[in-house]
**Q** 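The following block contains the structure, expressed as structure tokens.
Every heavy atom of this structure was used, including side-chain atoms; hydrogens, water molecules and symmetry mates were not.
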Amino acid sequence: MTLKIYLWGIALASALALGSFLAIIWFFAPENADTAVLSLLFFSLFLALCGFFGLLGFYVRRKRLKEEVLISHLGISFREGTLLSILVVGFLLMRSLGFFYWWSALILLLAIVASEAIFLYKEK
């Protein structure tokens, strides 16, 4: 499978996840929804953001570092996109559950930064 087909597949999967997120918003009222609908809502948002941030990071890396191998940027971009998606969805989940305070957001942010630091340490 070529890199172009892989990136188009990720973009299509991201668009489908975004479509399912918007369909859940359209057909269900999230403030009155049960846990199954809310879990599908957050999961589809996570998948959509994961693909979007991963593709965005890949294209930024490709433009900035032109002489390096492109396939090496893919793993790094999607790891960082996944961590950023966990951060955004985690913030929204904490907000919906009613315990989004600055210290809880800071703990989640520090956990994400620590996991990225572990990945960077193992990479070198």
**Q** With a 4.5 Å cut-off on side-chain heavy-atom distances among I, L, V, M, F, W and Y, is there a chain of contacts connecting Leu93 to Ile107?
**A** no
**Q** For atom CZ of Phe43, is the number of surrounding heavy atoms from other residues, nucleotides or ligands below 6.0 Å larger than 12?
**A** no
**Q** According to a hydrophobic-cluster definition based on side-chain heavy atoms being under 4.5 Å apart (Ile, Leu, Val, Met, Phe, Trp, Tyr only), do Tyr59 and Leu3 belong together?
**A** yes
**Q** Look up atom CG in Leu109 and atom CG in Leu83, then write down how far apart they are to the nearest 0.5 Å.
**A** 11.0 Å
**Q** Is any side-chain heavy atom of Thr82 closer than 4.5 Å to a side-chain heavy atom of Phe53?
**A** no
**Q** Side-chain heavy atoms under 4.5 angstrom apart, residues restricted to Ile, Leu, Val, Met, Phe, Trp, Tyr: same cluster for Tyr101 and Leu87?
**A** yes
**Q** Any chance you could measure Phe42, atom CZ, to Leu45, atom CG, to the nearest 0.5 Å?
**A** 7.5 Å
**Q** Report the distance from atom CG of Leu120 to atom CD of Glu123, rounding to the nearest 0.5 Å.
**A** 6.0 Å
**Q** Output, in order, the C-alpha distance, side-chain angles, deciding distance and verdict of side-chain contact (heavy atoms from CB on, under 4.5 Å) for Val37 and Ile24.
**A** CA-CA 8 Å; Val37 172; Ile24 291 170; 3.9 Å; yes
**Q** Taking Ile112's backbone N and O only, do any of them form a donor-acceptor pair with Ser115's side chain (distance below 3.5 Å, no angle check)?
**A** yes
**Q** Using the rule that Ile, Leu, Val, Met, Phe, Trp and Tyr join whenever any side-chain heavy atoms are under 4.5 Å apart, tell me whether Tyr6 and Leu56 fall into a single cluster.
**A** no
**Q** Name each donor-acceptor pair under 3.5 Å that joins a side chain in residues 8-17 to protein atoms two or more places apart or in another chain, with its distance.
**A**
residue	atom	partner	partner atom	Å
Ser14	OG	Ala48	O	3.2
Ser14	OG	Phe52	N	3.3

**Q** Just wondering, more than 12 heavy atoms not from Arg62 lying within 6.0 Å of its CZ?
**A** yes
**Q** Return the CZ to CG distance between Phe21 and Leu49, rounded to the nearest 0.5 Å.
**A** 8.0 Å
**Q** Return the CZ to CD1 distance between Arg61 and Ile76, rounded to the nearest 0.5 Å.
**A** 5.5 Å
**Q** For residues Leu84 and Phe100: do they belong to one hydrophobic cluster (side chain heavy atoms under 4.5 Å, members Ile, Leu, Val, Met, Phe, Trp, Tyr)?
**A** yes
**Q** Do Ser104 side-chain atoms and Phe99 backbone N/O form a donor-acceptor pair below 3.5 Å?
**A** yes
**Q** Working to the nearest 0.5 angstrom, can you tell me the gap between Phe28 CZ and Leu38 CG?
**A** 10.5 Å
